[in-house]
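Worksheet for the structure shown next.
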Amino acid sequence: MAEDKLPTRAEDFSEWYNKLVLKADMADYSPVRGCMVVKPYGWTLWENMQAGLDRRFKETGHVNAAFPTLIPMSFFEKEKEHVEGFAPELAVVTHGGGEELEEPLVVRPTSETIIGYMYSKWIKSWRDLPVLINQWGSVLRWELRTKLFLRTAEFYWQEGHTAHASAEEAQEETYRMLDVYTDFAINDCAIPVIKGVKTETEKFAGAVMSTTIEAMMQDKKALQSGTSHYFGQNFAKAFDIQFLNRENTLEYAYTTSWGLSTRMIGAIIMTHGDDQGLILPPKVAPIQAIVVPIYKTDEEKSKVMEVADKVFSELKAAGIRIKMDDREGLTPGFKYNDWEMRGVPVRIEIGPKDVEKGSVALARRDVAGREGKSFVSQTALASTVSGLLSEIHDSLLKRATEFRDANIHDPKSYNDLKKVVADGWAFSYWCGNKACEAKIKEDTKATARCIPLEGQPEGKGKCIVCGNEAEKKALFGRAY
RNA sequence: CGGGGCGUGGCGCAGUCCGGUUAGCGCGCUUGCUUUGGGAGCAAGAGGUCGUAGGUUCGAAUCCUAUCGCCCCGACCA
């Protein structure tokens, strides 16, 4: 741990990320190419994220269920765009129990098909609608280039699948869940995101409309952090999800799906981390405060530990996720660096001097060095720490928002756009034509991230590429 | 699938061009003593089929052939 330091973000952002994921004990490579092992520290973070999302899902009327991992191959062929989109990345099971299967089974890359099949059995009347089901699980996509959390063959996520009696209602659901993701990203992960609609080129295979929340990483690349799709009747027709409406006529249902994955962990790392390591947003951090006791002699140790234990119990009772670092034989300095690598938001140092003065040293992870350190009274420490945690959340969000906003540009010409997207995003009028979108991608590697739902100027403009009339502005940037 | 790089103790590397017998170094690990308010010091230890298979040779980590795997850059994607 002492050697083999983390590269700085400026030196090599990609290496910084790879090393950090390993050194912070978040995940490890698996023996199978492209798969990852999520280690306990990373998984606890995910559990906290799950809790925040799951609460929001329940509040908006959804229930959880579980659908199988294996899906008949033929299901994938029922929706044309869907099969085209996913065919290249399917893993297929051909044998079971030593025998070749009559019909190959696909390891789910997403569950629209099998859930569509089940919904067609369950939905007969308008009284059965809406169906609002979410599933927590993992999916498998045979990715060519992988990176821990950001793109792995197998990843963990939730996928919500809903069916509605009208297009309006399904569209409302699509936007409602996008708002849920936005709220989660901002208020739990301290990640500012931009809500928007995907272009035709970028949308989900089989969707009528895809929406997204896009976040800017510190290397100014975009990361799609959550998606919510409106399917219209596409999947209902493919899987025969029909119901008798109030007029007693048979009608196809309107469906949606929405997902957010462990990729969001990557977003947290790349949004907040610094050259010392991770910086975890307090709301989801596995450990919110770490206690480091400092002593030399046995006599000092017993006095210090008495205070440290008391502080620990008080904060724990106050609902703060706290841990005591009582490892022997390690210097305090080592422990500081160790917990900084892991991104623990608050560190509480307690030494002989603090015992005398009735104080503790509080260090906040988001402000480096001495500036982030303060000496506070042991009395009412729980409320001091709670206050600091919430202050850290606010400051992380503010810092990330300012960074993002400073790197979104409004190029005046196409040439200008080309320069801008090399190191930032462009927010420009776009006519909606695929050719213009493709030209940008070809010239700059930047893609249309989304057409933002908010912050659009009044009135029309001219497409940054072709100069034709354009209704709306789109965001362009290089993406993960 | 194209282009580039790399496989040597747990990790990071040197040695390979120009073969020579005990394969080194740093970190980590184990034990002991001293340490401990920003990555501790000393001492003694443990740990390696040099990716794999074949070949050349008195002798191969080193040369030849084949093969496998990984990483980076491109084409596809949450």
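Treat the numbers as computed from the prediction; the structure is a model and nothing was measured. Hydrogens, waters and symmetry mates play no part in the numbers below; they use all other heavy atoms, side chains included. Just so we're on the same page: letters track the sequence lines, and every chain starts at 1.
- Base pairing analysis places B:rA23 opposite nothing; no Watson-Crick or G-U wobble pair with both distances below 3.5 Å involves it.
- Taking atom C1' on both nucleotides, B:rC70 is separated from B:rG55 by 26 Å, rounded to a whole Å.
- For A:P352, whose side chain is taken as the heavy atoms from C-beta onward, the closest listed nucleotide among B:rG37, B:rU36, B:rG38 is B:rG37.
- Residue A:R370 places none of its side-chain N or O atoms closer than 4.0 Å to OP1 or OP2 of B:rG38.
- Looking at heavy-atom distances under 4.0 Å, A:L223 makes no contact with the nucleic acid at all.
- Per the geometry, OH belonging to A:Y336 stands 13 Å off P belonging to B:rU36, to the nearest Å.
- With P as the reference atom, B:rU57 and B:rG15 are 29 Å apart, rounded to whole Å.
- Distance noted for atom C1' between B:rG48 and B:rC25: 14 Å (whole Å).
- A:F204 comes within 4.0 angstrom of no nucleic acid atom, judged by non-hydrogen atoms across all strands.
- Atom C1' of B:rC64 sits at a distance of 34 Å from the matching atom of B:rG26, rounded to the whole Å.
- Put simply, A:T331 has a side-chain N or O that comes within less than 4.0 Å of OP1 or OP2 on B:rA40.
- Remark: B:rG28 base-pairs with no nucleotide; criterion is Watson-Crick or G-U wobble with both hydrogen-bond distances under 3.5 Å.
- Pairing partner, B:rG9: none, since no Watson-Crick or wobble contact has both distances short of 3.5 Å.
- Using Watson-Crick or G-U wobble geometry with both donor-acceptor distances under 3.5 Å, B:rG59 finds no partner in any strand shown.
- With P as the reference atom, B:rA61 and B:rC50 are 7 Å apart, rounded to whole Å.
- Pair check for B:rC33 finds B:rG41; Watson-Crick or G-U wobble, both atom distances under 3.5 Å.
- In a base pair of the Watson-Crick type (N1 to N3 plus N6-O4 or O6-N4) or a G-U wobble (N1-O2 and O6-N3), with each distance short of 3.5 Å, B:rU67 is matched with B:rG51.
- One P atom belongs to B:rC27, the other to B:rG41, and the distance between them is 9 Å to the nearest Å.
- Residue A:G351 is classed as a base contact, given a heavy-atom separation below 4.0 Å to a base.
- At the heavy-atom level, A:T297 lies nowhere under 4.0 Å from the strands shown.
- Here B:rC1 sits opposite B:rG74 as a Watson-Crick or G-U wobble pair (both hydrogen-bonding atom distances under 3.5 Å).
- Within 4.0 Å (heavy atoms only), A:R145 reaches at least one base atom of the nucleic acid.
- Under a 4.0 Å N-O distance rule, the pair A:E454/A:K195 qualifies as a salt bridge.
- For B:rU22 and B:rU67, the C1' atoms lie 32 Å apart once the distance is rounded to whole Å.
- The cationic atom of A:R56 (NZ for Lys, CZ for Arg) does not lie both less than 6.0 Å from the six-membered ring centre of A:F184 and within 45° of the ring axis.
- Judged by distance alone with a 3.5 Å cut-off, a donor-acceptor contact links the side chain of A:K373 to the base of B:rG38.
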Next item on the list: Give the C-alpha distance, both sets of side-chain angles, the deciding distance and a yes or no for ring-ring contact (aromatic ring centres under 6.0 Å, His included) between A:F427 and A:W425.
Entry: CA-CA 7 Å; A:F427 186 41; A:W425 295 358; 9.9 Å; no
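- Contact annotation for A:E143: base contact, defined as any heavy-atom pair under 4.0 Å involving a base atom.
- Side-chain to base pairing of A:D354 with B:rG37: one donor and one acceptor N or O lie within less than 3.5 Å of each other.
- A salt bridge links A:D274 with A:R365; the closest basic N to acidic carboxylate O contact falls under 4.0 Å.
- Ring centroids of A:Y119 and A:H161 are separated by 6.0 Å or more, keeping the two rings apart.
- Salt bridge status for A:K19 with A:E15: present, with a side-chain N to carboxylate O gap under 4.0 Å.
- Of all nucleotides present, none satisfies the Watson-Crick or G-U wobble test against B:rC18 with each distance under 3.5 Å.
- Between A:F76 and A:H82, the two ring planes are parallel [angle under 30°; tilted spans 30° to 60°].
- Looking at A:E340, its side chain comes within 3.5 Å of the base of B:rG38 through a donor and an acceptor atom.
- To the nearest 0.5 Å, atoms CD1 (A:I71) and OG (A:S111) are separated by 5.0 Å.
- Contact annotation for A:K335: no contact, since no heavy-atom pair falls under 4.0 Å across all strands.
- A donor N or O paired with an acceptor N or O is found under 3.5 Å between the base of B:rG38 and the side-chain atoms of A:R347.
- Nearer the 5' end of RNA chain B, as judged by each residue's closest nucleotide, is the contact made by A:V355, out of A:V355 and A:K445.
- Spacing between B:rA53 and B:rG69 at atom P, rounded to whole Å, works out to 16 Å.
- Checked against B:rG38, B:rG37, B:rC76, the side chain of A:I294 finds its nearest nucleotide in B:rG37.
- Contacts of A:L330 with the nucleic acid, taken as non-hydrogen atoms under 4.0 Å apart, include base atoms.
- Taking the nucleotide of RNA chain B with the nearest heavy atom to each of A:Y480 and A:E349, the more 5' of the two is matched to A:E349.
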